[in-house]
Amino acid sequence: MLAGILERVAAALYFFLPAYVANTLPGIFGGGMPLDLNRKFIDGRPLLGKGVTIRGTITGIAGGTVVGALQGNVVLGFLLSTGALTGDAVSSFLKRRAGLERGAPVPLLDQLNFVVGALVFASFAAPVPLDYIAVLLVVTPVGHLAVNRLGYLLRIKDVPW
Ligand code: CTP
Ligand code: MG
């Protein structure tokens with residue numbers, strides 16, 4: 001029973017690896033020209049803001065697609081990666097419309113935007129098993145907190161969240 005559950009959790013994480021990579025790489029390699037080319041929306045605020053860059057988007061999609069290729073499914077890797085970054089950009093769009101500055105934290109939206117985007121895009125290719133969706137929605141925010149806490153304890157990060 002427990003072994004069976006852990007196997008499904010592991011399978012869900014392996015399936016989602018391209019999305020995790022696509023979401024992580026921009027933080028390391030991103031920067032430079034914003035994807036919105038510094039354009040403003042009709043409300044006068046940035047369309048997406050300076051936290052969504054061309055370089056970050058390209059490295060994220062490329063890296064996630066390479067991981068998908070290594071897993072033997074380029075198309076799925078590409079869909080999970082583009083979906084992840086689209087979800088992230090949609091969430092930045094919504095945060096700017098709410099008048100929030102780039103980087104302002106919105107718990108759960110910040111951790112789940114890329115999960116929802118990647119799952120929606122992946123389902124264009126094939127339906128995603130419901131237990132995968134449940135696992136990813138729960139494990140991702142919890143894992144995110146755990147990783148950040150570890151980074152804080154190792155003095156890599158300034159705040160434990
Ligand atoms: N990043 C990027 N390109 C992307 C996504 C992210 O370059 N498409 C980089 C940016 O340097 C960004 C960092 O990764 O600051 C962290 O991403 P995220 O937390 O999504 O952005 P925030 O800076 O928090 O901005 P926002 O308020 O728009 O979420
Ligand atoms: Mg953020």
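All residue numbers refer to positions in the sequence shown, counting from 1. Computed from a predicted structure; not experimentally measured. Counting starts at 1 for both ligands and their atoms, following the listed order.
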If you count the atoms of ligand 1 from 1 in the order shown, which ones are under 4.0 Å from a heavy atom of [X]?
X: Ser92; answer: 26 (P), 28 (O), 29 (O)
X: Thr57; answer: 3 (N), 8 (N)
X: Gly27; answer: 14 (O)
X: Asp88; answer: 5 (C), 20 (O)
X: Lys95; answer: 26 (P), 27 (O), 29 (O)
X: Arg96; answer: 26 (P), 27 (O), 28 (O)

From the candidates [options], the one that places a heavy atom nearest [atom]:
atom: atom 22 (P) of ligand 1; options: Gly103, Pro105, Ser91; value: Gly103
atom: atom 9 (C) of ligand 1; options: Gly30, Ala22, Pro26; value: Pro26
atom: atom 10 (C) of ligand 1; options: Gly51, Gly32, Gly31; value: Gly51

Sequence-distant partners of Phe29, ring-ring contact (aromatic ring centres under 6.0 Å, His included), two or more places apart
none
Are any non-hydrogen side-chain atoms of Leu48 and Pro34 less than 4.5 angstrom apart?
no
If we check side-chain contact (heavy atoms from CB on, under 4.5 Å) with Leu150, which of these qualifies: Asn148, Leu154, Val147?
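Single side-chain contact (heavy atoms from CB on, under 4.5 Å) partner of Leu150 among Asn148, Leu154, Val147: Leu154.
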Could you go through the salt bridge (Lys or Arg N to Asp or Glu O under 4.0 Å) check for Arg96 and Asp43 one step at a time?
CA-CA 9 Å; Arg96 299 302 88 81; Asp43 55 9; over 6 Å; no
same_hphob_cluster(Val128, Leu112) at 4.5 Å side-chain heavy-atom cutoff
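Same cluster: Val128 reaches Leu112 through Ile, Leu, Val, Met, Phe, Trp or Tyr contacts under 4.5 Å.
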In terms of hydrophobic clusters joined by side-chain contacts under 4.5 Å, are Leu108 and Phe114 together?
yes
Would Phe121 and Leu80 satisfy side-chain contact (heavy atoms from CB on, under 4.5 Å), going step by step from the backbone distance to the final call?
CA-CA 6 Å; Phe121 274 44; Leu80 284 167; over 6 Å; no
